[in-house]
Amino acid sequence: MKNITILYFAKLREEANKRDELLKTEANTAIEVFNFLKEKYNFSLSEDYLRVAINDEFAEWDDKITDNDILVFIQPVAGG
Amino acid sequence: MKNITILYFAKLREEANKRDELLKTEANTAIEVFNFLKEKYNFSLSEDYLRVAINDEFAEWDDKITDNDILVFIQPVAGG
Amino acid sequence: MLVSEIPLDSSALNKSMVNFSAGALVTFEGWVRNLNEGKEVIALEYEAYSSMAEKEGLKIIEEAKNKFKIIDAKAVHRVGKLNLGDIAVWVGVSSKHRGVAFDACEYIIDEIKTRTPIWKKEHYVNGDSGWVNCEHKH
Amino acid sequence: MLVSEIPLDSSALNKSMVNFSAGALVTFEGWVRNLNEGKEVIALEYEAYSSMAEKEGLKIIEEAKNKFKIIDAKAVHRVGKLNLGDIAVWVGVSSKHRGVAFDACEYIIDEIKTRTPIWKKEHYVNGDSGWVNCEHKH
């Protein structure tokens, strides 16, 4: 069992209706966490369209997560 | 006989020791005027290294000059 | 790179770049404009994952310093509610010779727009609003 | 393009470019720096054939507007005695999209440096002085 923090921004913040949450999880990878939360909040964006950051750094979806990690699902940025 | 004006700038101004002068001349082309003044003031810059402007526009050395023209010998500009 | 909740003062930012060994300063200002993809914009807000945006921004600036022979580079991105004509992002690059300052400034703003976690929500005249690049994707 | 005998105020110049349909402003500032070709500079003066410099500058700006899809462009060149850190020349270009603003701004400053009749005399720490690009040529 791990304790991790999720921060939400922009559209996902609006869809989750929160800025952050603490999660107790048995998930091993970032994608497992995302899939759980996508179902919980019915996110409109799929993982193909997002990147994940672990502890302020871009990471891969199948990277392992460890206790006290901070995860952020990074939507396409403002661009242009 | 034509009345023309010469304006001097930068190094040629220092060498001629004047900002401008009125010239009565029988010269037909810009290069003839320049050669006369180069000899008069012992200019350190030759026509290969200069351009000429007639009435605020770049011109050719063998362009004809006419009464009331304003001539300027354009040294290499500040560049860089 | 910094993320700022207060309006950007390009005059002060430009002055902060003064350096007697620099001959050139190239700056970029990104402004809030009144049209995006044909829709009339009345206001917008930027939201940042600030700690990561600042780290990623510093990486970009270090990359620019390694790639181009520049003296200094800085960037600041505004967050919060912005109005038409406000500065959303400022980038400044100083160098001895100007060519590399143009190249480095363009590199930095291109990378900031691609890589830093900062999002833009536009509010339109017709009452709609939306997160740019995030709508209608599944 | 204008030739100015008074110091350039880049803040006012930048503000003069504000336009709600523009999303990007790229500016170039050329500064007086303390070294040129290894010689230590303490001051310099610019001298212009102003009427022609302004006409040639306007041609350059018209060329830039024809070549690049920009909204507006302006340039101002200082003349007279300048000190270290002073702005010798300012160029600003606004556009909807930023890439062309970088290209146009670089085009304008490159052409100004090549074509406008403005000359620079440098004064060095050792007491020498000289017109840049005009010395020792016959």
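Chain identifiers are assigned alphabetically (A, B, ...) following the order of the sequence lines, protein sequences preceding nucleic acid strands; residue numbering begins at 1 within each chain. In what follows, every heavy atom counts, from backbone to side chain, and hydrogens, waters and symmetry copies are set aside. Here the structure is a predicted model, which means the values were calculated and not measured.
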Problem set entry | Among A:D20, A:L22, A:V33, A:D69, the one residue meeting side-chain contact (heavy atoms from CB on, under 4.5 Å) with A:I6 |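 Result for side-chain contact (heavy atoms from CB on, under 4.5 Å) with A:I6: A:V33.
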Exercise. Under a 4.5 Å heavy-atom cut-off, does chain A meet the side chain of C:E56, its backbone, both or neither?
Worked result: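 The answer is the side chain of C:E56.
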Exercise. Side chain, backbone, both or neither: which part of C:A53 has a heavy atom under 4.5 Å from chain A?
Worked result: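 Nothing of C:A53, per the 4.5 Å heavy-atom cut-off to chain A.
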Problem set entry | Gap separating the NZ atom of C:K65 from the OG atom of C:S95, nearest 0.5 angstrom |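 Reported value, rounded in 0.5 Å steps: 13.0 Å.
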For this session: Report yes or no: does C:E106 contribute a side-chain atom to a donor-acceptor pair with the main-chain N or O of C:F102 at less than 3.5 Å?
Result: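 Not at all, since once roles are kept as given, no pair shorter than 3.5 Å links the two residues.
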For this session: Without swapping roles, check the side chain of C:D110 against the backbone of C:Y107 for a donor-acceptor pair under 3.5 Å.
Result: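 No.
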Counting only non-hydrogen atoms closer than 4.5 Å, does [X] touch chain C with its backbone (N, CA, C, O), its side chain (CB onward), both, or neither?
X     : answer
A:L7  : side chain
A:E57 : both
A:R51 : neither

Exercise. Angle class for the A:F9/C:W119 ring planes (parallel below 30°, perpendicular above 60°, tilted otherwise)?
Worked result: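 Ring orientation, 0 to 90° scale: parallel.
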